[in-house]
Asks: 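Dropping a structure here in structure tokens format, bear with me for questions.
What you see below is based on every heavy atom in this structure, not just the backbone, and it leaves out hydrogens, waters and symmetry mates. Naming convention: chains lettered A, B, ... in sequence-line order (proteins, then strands); numbering from 1 in each chain.
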Protein chains: 2
Amino acid sequence: MTYSEENYLKVIYHLSTGNSKGITTNAIANEMESKPSSVTDMVKKLAEKELVAYKKYQGVSLTEKGRQHAVMIVRKHRLWEVFLVEKLDFSWDEVHDVAEQLEHIKSEKLIDKLDEFLDFPTEDPHGDPIPDRNGKIAKMEKQLLSETSLNTKVICVGVKDSSSSFLQYLDKQQIALGSAIEIISREHFDQSLSLKVNDKPLSVSNKIAANLFVKPL
Amino acid sequence: MTYSEENYLKVIYHLSTGNSKGITTNAIANEMESKPSSVTDMVKKLAEKELVAYKKYQGVSLTEKGRQHAVMIVRKHRLWEVFLVEKLDFSWDEVHDVAEQLEHIKSEKLIDKLDEFLDFPTEDPHGDPIPDRNGKIAKMEKQLLSETSLNTKVICVGVKDSSSSFLQYLDKQQIALGSAIEIISREHFDQSLSLKVNDKPLSVSNKIAANLFVKPL
DNA sequence: CTATATTTTTAGACAAAACTAAAAATGTTT
DNA sequence: AAACATTTTTAGTTTTGTCTAAAAATATAG
Ligand SMILES: [Mn+2]
Ligand SMILES: [Mn+2]
Ligand SMILES: [Mn+2]
Ligand SMILES: [Mn+2]
């Protein structure tokens, strides 16, 4: 499996979660920052290898074999992110690009030993679940802060957007995984929220709240 | 710089040590397990980028720029080997192939943090020196066991051949970096040696002795 | 239901990195 | 120095992954 094939599989996998229909050529091209014609070519190759199911004009979906492969790439990506943060003192906004490279290293022993070295973490630095060596993903109870009712006490457990700019905003506001959040009030006009984060008052826009995962305490 | 370009640079670098003349096309092809015609093509490209000096039929040599690049790849390779052995419990005969992949990961921060995490090691698991972040290589006093005189007490500090089969042979004979070796006698006929390794008697062929680096105690 | 817009696929081109086969240069013998 | 052997380069293909431009299929609107 080539570097490029792996990237396509991963993108198709991510587009598939919460999307039961076939993934469109355009959606893949968009995510890969490439052109639809390139996607069509690659999808044909992946179909040839039985990693995806593909019918012309009907979009594409992962086969079980393709899903397994994709999950293993996600496992590697997230384990490496944990390594970078926990062992090498990277901050959570610096790890993604390096993990994009490390996820392609081929060695089952390496990844299982790394898993053990990190003490079998179940979530990466952004709160995303880490598949185990059999590809099983423990699902975590979580909801968006924007969809949480008033006067609830919750704990921050993940981010939906893990762009540098969002993560750095959270750092600045001292919001991290594990922070205790209480929703004081919601502004009707723009859905912005008044919060208490670790007992300190903070007001955030709906866009922020719609990218923070929390769970009831 | 592509994966392939990096591999060529590294091979040319290794062929260059202890070889002041231009490196031949055939030597590179041999080391890369590719064909001379492929080497000619790549060498032209590297010359274009001023990473090597090349004149038709005259062989090739690294420019200072090319040498710097090559040394950084070697640095990464050896640091990752240390990581695999020290932190993930790989044995010294298992690390090379994985390090061949890891050496191409591009992130200066990653490699400097890894260096720090490993406590700035100066040698890899095979006794080879690790260039520092400026490309400087501390040179170690060492000689081949086969060229060491009788009744000398020495300590094992490295291997010349780091193939799996040689390393596993050493494991079996309980020879490791740091082992104390005394040369008892040398057989005239085949240059084989009678040794004491950590006070236990052992007889080794010249081929073994010619691949073990030692330093006088 | 037909016209228009959008999406997707095809056809053809290109760059990177490899190869084979043949030509050219260099090295070695007699 | 000529003949032969070896090394190196050139010329022409191939595979992988990308692209543009044009054609075909599908979706949307009037
Ligand atoms: Mn990531
Ligand atoms: Mn992540
Ligand atoms: Mn190695
Ligand atoms: Mn080594």
Asks: Please tabulate, one pair per line, all N/O donor-acceptor pairs under 3.5 Å involving side-chain atoms of residues 108-122 of chain A, not counting sequence neighbours.
Replies:
{"from": "K109(A)", "atom 1": "NZ", "to": "E94(B)", "atom 2": "OE1", "distance (Å)": "3.1"}
{"from": "K109(A)", "atom 1": "NZ", "to": "E94(B)", "atom 2": "OE2", "distance (Å)": "2.8"}
{"from": "D112(A)", "atom 1": "OD1", "to": "R75(A)", "atom 2": "NH2", "distance (Å)": "3.0"}
{"from": "D112(A)", "atom 1": "OD2", "to": "R133(A)", "atom 2": "NH1", "distance (Å)": "2.7"}
{"from": "D115(A)", "atom 1": "OD2", "to": "R75(A)", "atom 2": "NH1", "distance (Å)": "3.2"}
{"from": "D115(A)", "atom 1": "OD2", "to": "R75(A)", "atom 2": "NH2", "distance (Å)": "3.1"}

Asks: Rounding to a whole Å, what distance do you find between L46(B):CG and dA18(C):P?
Replies: 11 Å
Asks: What nitrogen or oxygen pairs link the protein and nucleotides 23-27 of chain D at under 3.5 Å?
Replies:
{"from": "dA25(D)", "atom 1": "O4'", "to": "Y57(A)", "atom 2": "OH", "distance (Å)": "3.3"}

Asks: Suppose we screen for side chain to side chain contact (heavy atoms under 4.5 Å, CB included). Which residues come up paired with H69(B), at least two apart in sequence or across chains?
Replies: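 So H69(B) forms a side chain to side chain contact (heavy atoms under 4.5 Å, CB included) with M1(B), L9(B), L51(B), K65(B).
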Asks: Is the shortest heavy-atom distance from the side chain of L212(B) to the side chain of C156(B) under 4.5 Å?
Replies: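 Contact flag for L212(B)/C156(B) side chains = yes.
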Asks: Residues in side chain to side chain contact (heavy atoms under 4.5 Å, CB included) with A176(B), at least two apart?
Replies: S179(B)
Asks: Return the residues of residues 99-106 of chain A meeting this criterion: a heavy atom under 4.0 Å from some atom of DNA chain C. Order them by number, or give none.
Replies: none
Asks: Whole Å only: how far is the CE atom of M42(B) from the C1' atom of dC19(C)?
Replies: 14 Å
Asks: Can you list the residues that meet the side chain to side chain donor-acceptor pair (under 3.5 Å) rule with K49(B), with sequence neighbours excluded?
Replies: E5(B)
Asks: Go through the side-chain N and O atoms of T24(B) and N26(B) and say whether any donor and acceptor fall under 3.5 Å apart.
Replies: no
Asks: Show me the pairs that pass salt bridge (charged side-chain N to carboxylate O under 4.0 Å, His left out) and involve residues 12-38 of chain B, at least two apart or across chains.
Replies: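 Matches after skipping sequence neighbours: none remain.
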Asks: Does anything in residues 2-11 of chain A reach DNA chain D, meaning a heavy atom under 4.0 Å, and if so which residues?
Replies: T2(A), S4(A), Y8(A)
Asks: Mind listing the residues from residues 18-38 of chain A sitting with a heavy atom below 4.0 Å of DNA chain C? Number order is fine.
Replies: T24(A), T25(A), N26(A), P36(A), S37(A)
Asks: Expressed as a whole number of angstroms, how long is the span from D41(B):CG to dT8(D):P?
Replies: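 Computing the D41(B):CG to dT8(D):P distance gives 15 Å.
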Asks: Taking the six-membered ring for Trp, are Y169(A) and F166(A) parallel (under 30°), tilted (30 to 60°) or perpendicular (over 60°)?
Replies: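 Rings of Y169(A) and F166(A): parallel, as their planes differ by under 30°.
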Asks: Go through the structure and list residues passing ring-ring contact (aromatic ring centres under 6.0 Å, His included) with H126(B), not counting sequence neighbours.
Replies: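 Applying ring-ring contact (aromatic ring centres under 6.0 Å, His included) to H126(B) gives none.
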Asks: Under 3.5 Å, which donor-acceptor pairs do the side chains of residues 134-141 of chain B form with other protein atoms, sequence neighbours left out?
Replies:
none

Asks: Which pairs pass side chain to side chain donor-acceptor pair (under 3.5 Å) with one or both residues in residues 8-19 of chain B, sequence neighbours excluded?
Replies: K10(B)-E100(B), K10(B)-E103(B)
Asks: Check whether any side-chain heavy atom of T25(B) lies under 4.5 Å from a side-chain heavy atom of V43(B), and answer yes or no.
Replies: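 Contact flag for T25(B)/V43(B) side chains = no.
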Asks: With a 4.5 Å limit on heavy-atom distance, are the side chains of H77(B) and L102(B) in contact?
Replies: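 Of all side-chain heavy-atom pairs linking L102(B) with H77(B), none is under 4.5 Å.
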